[in-house]
Amino acid sequence: MVIRDYIFLGIFLLVMACVPLLLKNDYYISIFVFASFNCLACIGLSLLLGYAGQISLGHAAFIGIGAYTSGYLTTQFAWSPWITMFIGVVISIIIAIAVGVPSLKLRGHYLAMATLGFGAILYIVAVAAVDITGGPAGLNNIPPLNLFGLILDSDKKFFFFSWSVVVIGLLFALNLINSRVGRGLRALHGSEDAANSIGINTSSYKIQIFIFSAVFSSIAGSLYAHYVTYIDPGPFGIMHSVLLMTMVAVGGMHKIWGAVIGSLLLSLLPEFLSFSTGYFKTFGIEYKPDYDTLVYGIILLSIMLFLPEGLYGGFSSAFRAVKNIVKRNGKKAKSSS
Amino acid sequence: MEITNQDFSNLLQYIFMGIQRGSIYALAAMGFNIIYNSTGVINFAQGEFVVYGGLMMVSLTMTMNLPVPVAFFFTVLFVMLIGILMERLTINTVKSPTVLRLVIITIGVSIFLEGIAMVSWGKNSHVLRHFSSSETFEVFGAMILPQTLWIIGILVFIALGFILFFNYTMTGKCMRACSINRDAARLVGINDRKMVMISFALSAGIGAIAGIIITPIIQMDYGRGTMLAIKGFGAAVVGGLGNSVGAIFAGILIGIIEAFGAGYISSHYMDAIALFFMLIVLFVKPSGIFGSSEASKLKEF
Amino acid sequence: MVETILEYQELQKNFGGVVAVNKLNMTVDIGSITSIIGPNGAGKTTIFNLTTGFLSPTAGNIKFFGNSINQLKPHNIASLGIARTFQNVQVFDNMSVLENIMVGRHLRSKSGILSSTIIPPFLRKEEKHIKREAEKWLEFIGMADDSQISAGSLPLGKQRMLEIARALAMEPKLILFDEPASGLNARETLAIGELIGKIKESGVTVVLVEHDMELIMDISDIVAVINFGTRIAMGTPAEIQINEDVITAYLGD
């Protein structure tokens, strides 16, 4: 199990290292940088969705908390971005406890609605609390990150930095899954009653994993703020929370790698779609970026209906099928010879 | 502090505003409850039913110039059909349904329907003619729209119909039996799958009616579904999930809190105040302020 | 005098109007195999669910080593040293056989979410210890060869064995078996019987709910007969077999 994860990690590192070499245009690199924020948030979210079996529709709000904490404290008080990132994490933890503890005590999907409501509230506050958030106009002039004297002010520099953070997050998540706590989580997913019967405090684990995933999102938000150096409430709304959940479900919610696949694909999808606008035209379809939502809906629905284990699950069962055919043919060849 | 006439008029105005909006949340909450009772699933597409009700009514009356009663009938029918299709094409086809998967599917349906609505009706808000006059009349200094009376009247009408349906018709009783114990209901020959379909049809129908009656006042656009769903769910929780009489009072309560929030605190925070109230109830008394204490634990997830 | 490990005092559980357990009084001696038998619906599984905290009693008391455990949650009760298996066997079918037993070591290990995140599994001492212990229990049930197989793909007999090994890995003081032989063939039932005997020898107290009378009479020290949630007889297997109340309860008047 663990060995396969490290092989995947090697392949993943290789692929990501090639991206900036292949893409000459900074714009495309920036798309990948944005994808890294989603990827980080989705890795955390997949632990919650796939292992604790709980839906959160408020993770964009945690991204927002990270982004606004960093944005506000660095612009108002000129604090170091690393400190503000940490403060963002602390605030996210406090809010995750406040929202998570009561709603995870209940059975069912109260957490989904509670996080949705909480996300909506924070969005409204971000728009209305003009004194702090700058309202719809947002916050400007957020300083870029300074990594031991290296200022991350270009797309390429940030690409390497933010994907390194993703890899660290990925390593952490994989460590967690293959540990005592991870086995407890998988047990909780397998049978909550049996998990309880061997002494696993399942409700405490659910809360811990919700907090853990909120931390991932908060860090993604802080990185985002220091990358774009300008934030407004737009990207932190409900729709983005739903999109994050969609990424995890589409990639395959029972595997961390699913979240990586899903977040990469769906982050690149809008670019791909606008790139193909001309192609759609040949079929008489006038494709507009506005239709992206509809496409996400169709993808999420088709995956949940036909491929509930997501793309990762689909790939691995296809791989297994091919392996079986090869094996059978091999046997046949042997027996006939 | 002296209470002036003006204060009293304002208070009355806010209460009417609250009842008017709250009625919609109440109807949305009833829709949540019907599906929740039959499937144990929170249907995240509930808000889209309301949106489609409003937008379809706009098309039928404003564009096609159908008379209001006819358009009303066809709109409800159309949205019920969406509900049935949703159940047949998605919920019903899932081989090994877990609640988690079903909930995600309803989220998928809601994004899908929102996308379709945007493609079909565009991004702008749509105006719908009031059922009768749009001239306000005065009650103790508060200005009341005739449409508000329509909304209250229709809410009462649906609530009564609801009680009659679930208590006095065979189908309604079968649905209740299914929600209490699905296996036992199946044993006595109730077609539980059909009951699930009917619950989606009913829930969609009620959502459509909510959309039709509120659109003259708030105008409707494709993106309102999520907020309507959250507040409807809020009403369902405050009223005790599964308890539809509770949902009606809770919906109106949330509407009034929202109106007071807008009037006395800040209109910017109007939505946030209602949601905050919902969260507080969810955290402090998850069984709802009208529900029994066991209700939240009863359903198997 | 023998020490009492588990005691029910006037234990009562109502589901709405239905009385599942009715003023049950009973004690379990430390180190014994005590079986609970009774017709279907007599309330046997309810007693287990009450004991392990999955249900809370309507009235009465459950005492473990003299301390009341009525209000505790299942995971707290497990941490006191009460393990159980389930009537409809519940192994974690999303994990390998070995991992299933490794989860059983949960209470005997400590690492929390932070250390688990930062230190990779292969650098963790505790992880190695957990694995060694799990392999030991796998050996104990004679399934060492199956360690890497997915638990879901095992036949029922082996799933039950695995569920028992997972419970044993907790190193409990008391273990409750809920119909461990149901759905098993004669050979598998024999193996389960032997295993339960071995568990007793290792010093763990066993409480057993079972329908297979041959198995019960073979391995039990004490048999309690329950009907309508109430104890109608208790004694050695030989005493129970000739008890008239028991015969009436099983065969009707």
Side-chain angles (χ1 to χ4, degrees), chain A residues 1-3 5-6 9 43-44 47 50-53 93 105 168-213 215-216 253-256 309 313 320, chain C residues 48-49 52-54 73-86 88-96 98-124 126-127 130 134 148 151-152 163 166-167 169-170 172 176 178:
Chain A
M1 281 307 226
V2 188
I3 296 164
D5 285 333
Y6 289 118
L9 196 64
I43 290 170
L47 291 173
Y51 293 90
I93 291 175
K105 257 193 272 166
I168 294 170
L170 194 54
L171 267 175
F172 281 180
L174 290 172
N175 283 345
L176 184 67
I177 286 310
N178 293 305
S179 72
R180 169 179 181 263
V181 178
R183 275 191 300 275
L185 281 171
R186 281 184 285 159
L188 153 65
H189 174 247
S191 158
E192 190 158 350
D193 280 350
N196 268 320
S197 81
I198 50 176
I200 296 168
N201 185 349
T202 50
S203 51
S204 152
Y205 264 14
K206 285 182 195 169
I207 290 162
Q208 288 185 41
I209 233 42
F210 180 60
I211 295 168
F212 190 81
S213 68
V215 168
F216 272 53
M253 58 179 151
H254 296 134
K255 284 282 183 291
I256 304 278
E309 292 301 314
R320 238 175 291 137
Chain C
F48 273 16
N49 284 338
T52 48
F54 286 88
K73 297 224 168 81
H75 65 92
N76 295 130
I77 290 176
S79 69
L80 294 177
I82 302 182
R84 72 170 293 179
T85 65
F86 293 86
N88 45 341
V89 52
Q90 300 217 10
V91 297
F92 303 118
D93 48 17
N94 52 345
M95 291 189 228
S96 74
L98 186 67
E99 282 178 313
N100 259 274
I101 305 178
M102 287 169 80
V103 197
R105 298 295 298 171
H106 189 86
L107 287 169
R108 301 279 163 189
S109 43
K110 282 207 253 328
S111 40
I113 194 162
L114 266 183
S115 77
S116 300
T117 308
I118 296 165
I119 311 166
F122 56 81
L123 288 181
R124 227 174 289 141
E126 188 186 77
E127 193 72 11
I130 293 174
Q148 293 310 316
E163 203 186 16
R166 186 181 69 198
M170 293 165 62
L176 314 176
D178 199 347

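These figures come from a predicted structure and were not determined experimentally. Per chain, numbering begins at 1; letters A, B, ... match sequence-line order. These values consider heavy atoms only, across backbone and side chains, with no hydrogens, waters or symmetry-generated copies.
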A.B. asks: Among R84(C), R166(C), R105(C), which one satisfies side-chain contact (heavy atoms from CB on, under 4.5 Å) with I198(A)?
C.D. replies: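 Option passing the side-chain contact (heavy atoms from CB on, under 4.5 Å) with I198(A): R166(C).
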A.B. asks: If you count heavy-atom pairs under 4.5 Å with chain C, which of S197(A), G182(A), G184(A), S204(A) comes out on top?
C.D. replies: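 Heavy-atom pair counts peak at S197(A).
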A.B. asks: Which heavy atom in I118(C) sits nearest to a heavy atom in F172(A), and how many Å separate them?
C.D. replies: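 What the structure gives for the nearest pair is CA-CE2, 4.1 Å.
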A.B. asks: Which atom pair, heavy atoms only, marks the closest approach of A187(A) to V103(C)?
C.D. replies: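 Nearest pair, atom of A187(A) first, then V103(C): CB-CG1, 3.8 Å.
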A.B. asks: Nearest heavy-atom pair of F92(C) and S191(A): which atoms, and what distance?
C.D. replies: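 That closest heavy-atom pairing would be CE2-O, 3.6 Å.
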A.B. asks: Using 0.5 Å steps for rounding, measure from the CZ atom of R180(A) to the NE2 atom of H106(C).
C.D. replies: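 R180(A) atom CZ to H106(C) atom NE2 measures 4.0 Å (nearest 0.5 Å).
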A.B. asks: Within the side chain of N201(A), is there an N or O that forms a donor-acceptor pair under 3.5 Å with the backbone of H75(C)?
C.D. replies: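 No; zero donor-acceptor contacts below 3.5 Å.
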A.B. asks: Measuring from atom CD of E127(C) to atom CG of N178(A), what distance do you get when rounded to the nearest 0.5 angstrom?
C.D. replies: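 Reported value, rounded in 0.5 Å steps: 8.0 Å.
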A.B. asks: If you look at every heavy atom in F86(C) and A194(A), which pair is closest and at what distance?
C.D. replies: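 F86(C) and A194(A) have their closest heavy atoms at CE1-CA, 3.7 Å.
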A.B. asks: How far does CZ of R183(A) sit from OG of S109(C), to the nearest 0.5 angstrom?
C.D. replies: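 Those atoms lie 7.0 Å apart.
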A.B. asks: What residue in S111(C), A78(C), A169(C) has the most heavy-atom pairs under 4.5 Å with chain A?
C.D. replies: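 Counting heavy-atom pairs under 4.5 Å, the top option is S111(C).
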A.B. asks: Minimum heavy-atom separation for R124(C) and S179(A), please, with both atom names.
C.D. replies: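 Residues R124(C) and S179(A), closest heavy atoms: NH1-CB, 3.1 Å.
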A.B. asks: Nearest 0.5 Å, please: how far is CD1 in I200(A) from CG in L107(C)?
C.D. replies: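 Answer rounded to 0.5 Å: 8.0 Å.
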A.B. asks: Working to the nearest 0.5 Å, report the span between CD1 of I113(C) and CG of L185(A).
C.D. replies: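 Interatomic distance, I113(C) CD1 to L185(A) CG, rounded to 0.5 Å: 7.0 Å.
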A.B. asks: Can you tell which part of Q148(C) gets under 4.5 Å to a heavy atom of chain A, answering side chain, backbone, both or neither?
C.D. replies: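 When you check distances to chain A, no heavy atom of Q148(C) falls under 4.5 Å.
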A.B. asks: Given that the side chain runs from C-beta out, which part of I119(C) has a heavy atom under 4.5 Å from chain A: side chain, backbone, both or neither?
C.D. replies: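 The backbone, not the side chain.
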A.B. asks: Is it the side chain or the backbone of M102(C) that comes within 4.5 Å of chain A heavy atoms, both, or neither?
C.D. replies: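 Both the backbone and the side chain of M102(C) come within 4.5 Å of chain A.
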A.B. asks: Please rank T117(C), L80(C), I82(C) by heavy-atom pairs under 4.5 Å with chain A and give me the top one.
C.D. replies: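 Of the options given, most contacts go to T117(C).
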A.B. asks: Within this structure, what is the CG-CG distance for the pair L114(C) and L176(A), rounded to the nearest 0.5 Å?
C.D. replies: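 Separation between the atoms: 9.5 Å.
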A.B. asks: Using non-hydrogen atoms and a 4.5 Å limit, figure out which bit of K110(C) sits close to chain A: side chain, backbone, both or neither.
C.D. replies: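 The backbone, not the side chain.
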A.B. asks: If I compare all heavy atoms of D193(A) with all of F54(C), which pair ends up nearest, and what's the gap?
C.D. replies: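 The answer is O-CZ, 3.3 Å.
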